[in-house]
There are 2 protein chains.
Amino acid sequence: MKPNLDEKARRMLTTAALYCTEPRIAILKVLLEARRPVRQDQIAECLGDRALNKVTIYRTLASLVKTGLVHRAFMQKRASYFELAHNCTETQCHPHFTCSNCGTTHCLTGFAVPMAPSRYRGFVIHHQQVRLEGLCPACA
Amino acid sequence: MKPNLDEKARRMLTTAALYCTEPRIAILKVLLEARRPVRQDQIAECLGDRALNKVTIYRTLASLVKTGLVHRAFMQKRASYFELAHNCTETQCHPHFTCSNCGTTHCLTGFAVPMAPSRYRGFVIHHQQVRLEGLCPACA
DNA sequence: CGAGGAAATGCAACTAAGTTGCATATTTCT
DNA sequence: AGAAATATGCAACTTAGTTGCATTTCCTCG
Ligand SMILES: [Mn+2]
Ligand SMILES: [Mn+2]
Ligand SMILES: [Zn+2]
Ligand SMILES: [Zn+2]
């Protein structure tokens, strides 16, 4: 495995003032290695033999989201997808692209859709989230 | 009530080649009068006395979505929000804004966030959906 | 190091959005 | 009106996510 992933996860937890527990380190490592947002059950599957209770995974994700280490990237089919906060500005995460043919989701970290104006008719806009749909390179 | 709403709903159904049934007309009228996306249970509540089975509402919404009359605007708390297709282009619906203070959602039909490029590193982008979050005029 | 208190985990039971199969009712067409 | 096509209602089911509570683990401080 990656020997320094463990250390990296520990640092992230300490920085966020969270207890460094085995479950949290394991979950963070899965997120660190994932290239795309993942669901609770996908995290569980990645853990394989040293499985965790799903309640623990959900509660860990909740803690990580609260500290800002992790984002709830989007929902699909009534399930939430989570990922490490990466390539984010204060007001916009990168767009997520879902292929309408094969169903896979990709992080489009290379570009950002321009932000909406910070004010519009009395609305104060703090955050913008963009979902894209179309054909991925493999399916196009 | 609005006397011509009924007729309008009927026309929409006929145009979409769907049977003109009482439940469908009732649901369409709720959507025609709603100013924002609504959930299944909100539609049921609006119908009040002449209630409909939730399965009927879900199946009706599915038919309406398939014909393009209705959009699944977004998901929140594991529930889908539906609305009539309005102020939409081929590639983008208007942005939806949710207030982080009071929780209400508004359709921001007045402006459109610029579209992502139609191609980006092999991705063919067909559709773009924008979710905004911040403070609504009442809470700002 | 070895408590002791704070916080995290696991388990079982629960909640609630959405789905499915099937019998019955309604709509449309002739 | 009658037949075929389609829609509705009901009950039972599926499944993502939550809650309460007993037990375990982690961190801090003597
Ligand atoms: Mn991403
Ligand atoms: Mn809208
Ligand atoms: Zn694809
Ligand atoms: Zn508000």
Side-chain angles (χ1 to χ4, degrees), chain A residues 6-7 9-30 37-67 69-83 105, chain B residues 6-7 9-30 37-47 49-67 69-82 105:
Chain A
D6 214 275
E7 203 42 52
R10 288 194 133 83
R11 263 197 307 276
M12 293 171 76
L13 287 169
T14 321
T15 309
L18 290 174
Y19 275 19
C20 265
T21 68
E22 276 314 312
R24 284 176 177 169
I25 293 163
I27 291 168
L28 260 184
K29 279 161 78 175
V30 171
V38 289
R39 297 187 306 261
Q40 175 275 137
D41 61 288
Q42 296 174 316
I43 295 174
E45 196 184 8
C46 286
L47 294 174
D49 48 339
R50 56 194 172 306
L52 288 175
N53 189 281
K54 70 168 180 170
V55 180
T56 302
I57 301 178
Y58 279 122
R59 291 203 270 229
T60 297
L61 289 169
S63 304
L64 296 172
V65 166
K66 189 150 62 174
T67 64
L69 284 177
V70 166
H71 285 183
R72 191 185 298 262
F74 60 90
M75 284 190 83
Q76 202 168 260
K77 297 200 184 153
R78 304 176 62 229
S80 291
Y81 286 72
F82 298 87
E83 67 179 343
T105 293
Chain B
D6 214 275
E7 203 42 53
R10 289 193 132 85
R11 262 197 307 275
M12 293 171 75
L13 288 168
T14 322
T15 308
L18 290 174
Y19 275 20
C20 265
T21 68
E22 275 315 313
R24 284 176 178 169
I25 293 163
I27 291 168
L28 260 185
K29 279 160 79 175
V30 170
V38 289
R39 297 187 308 261
Q40 175 275 137
D41 62 288
Q42 296 174 315
I43 294 174
E45 196 183 7
C46 285
L47 294 174
D49 48 338
R50 55 193 174 306
L52 287 175
N53 190 281
K54 70 168 180 170
V55 181
T56 301
I57 300 178
Y58 279 122
R59 290 203 269 230
T60 296
L61 288 169
S63 304
L64 295 172
V65 166
K66 191 151 60 174
T67 64
L69 284 177
V70 165
H71 286 183
R72 190 185 299 261
F74 60 89
M75 284 189 84
Q76 201 168 262
K77 296 200 185 155
R78 304 178 64 232
S80 291
Y81 286 71
F82 298 87
T105 294

Rounded to whole angstrom units, what separation is found between the [atom1] atom of [X] and the [atom2] atom of [N]?
X	N	atom1	atom2	result
B:Arg50	D:dG9	CZ	P	13 Å
A:Met75	C:dA17	CE	C1'	10 Å
A:Leu61	C:dT9	CG	P	11 Å
A:Leu18	C:dT9	CG	P	10 Å
A:Phe82	D:dA16	CZ	C1'	11 Å
A:Asp41	D:dT14	CG	C1'	14 Å
B:Ile27	D:dG9	CD1	C1'	13 Å
A:Gln42	D:dA16	CD	C1'	13 Å

Measure from the side chain of [X], starting at C-beta and using heavy atoms only, and say which of [options] lies closest.
X	options	answer
A:Arg59	D:dC26, D:dT8, D:dC21	D:dC21
B:Thr21	C:dG10, D:dG9, D:dA7	D:dA7
B:Tyr58	C:dG18, C:dG21, D:dA7	C:dG18
A:Arg24	C:dT9, D:dG9, C:dC11	C:dT9
B:Cys20	C:dT28, D:dG17, C:dG10	C:dT28
B:Thr56	D:dG9, C:dG10, D:dA7	D:dG9

TODO: For D:dC10, take OP1 and OP2 only and decide whether either is under 4.0 Å from a side-chain N or O of B:Asn53.
DONE: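 Yes, because at least one side-chain N or O of B:Asn53 sits under 4.0 Å from OP1 or OP2 of D:dC10.
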
Open item on the list: Let me spell it out: for each of B:Glu22 and B:Tyr81, pick the nucleotide of DNA chain C with the closest heavy atom. Which residue's pick is nearer the 5' end?
Closed with: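 The residue mapped nearer the 5' terminus is B:Tyr81.
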
Task: First encountered from the 5' end of DNA chain C, between A:Val55 and B:Lys77 - done: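 First, find each residue's nearest nucleotide; the 5'-ward one identifies A:Val55.
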
Are side-chain heavy atoms of [X] and [Y] found at a separation under 4.5 Å?
X	Y	answer
B:Phe82	B:Val65	yes
A:Ile43	A:Leu61	yes
A:Arg78	B:Ser80	no

Open item on the list: Using only modelled atom types and a 3.5 angstrom limit, is any donor from either the side chain of B:Arg78 or the base of D:dA16 paired with an acceptor on the other?
Closed with: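 Such a pair exists between side chain and base.
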
- [ ] Would you state whether a donor and an acceptor, one from the side chain of B:Arg39 and one from the base of C:dG18, lie under 3.5 Å apart?
- [x]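 Absent.
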
Approximate separation, where rounding is to 0.5 Å, of [X] [atom1] and [Y] [atom2]:
X	Y	atom1	atom2	answer
B:Arg24	B:Arg59	CZ	CZ	10.5 Å
A:Cys46	A:Ile27	SG	CD1	11.0 Å
A:Gln40	A:Thr56	CD	OG1	10.0 Å

Open item on the list: Between A:Gln40 and B:Thr60, which residue's closest nucleotide on DNA chain D lies nearer the 5′ terminus?
Closed with: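 Its nearest nucleotide lies further toward 5', so the answer is B:Thr60.
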
Task: Earlier contact from the 5' end, DNA chain D, for A:Lys54 and B:Leu52 - done: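 The residue whose closest nucleotide sits nearer the 5' end is B:Leu52.
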
- [ ] Would you classify A:Ser80 as touching base, sugar-phosphate or nothing, given that sugar-phosphate means primed atoms plus P, OP1 and OP2, and contacts are heavy atoms under 4.0 Å?
- [x]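 Answer is sugar-phosphate: A:Ser80 comes under 4.0 Å of backbone atoms only.
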
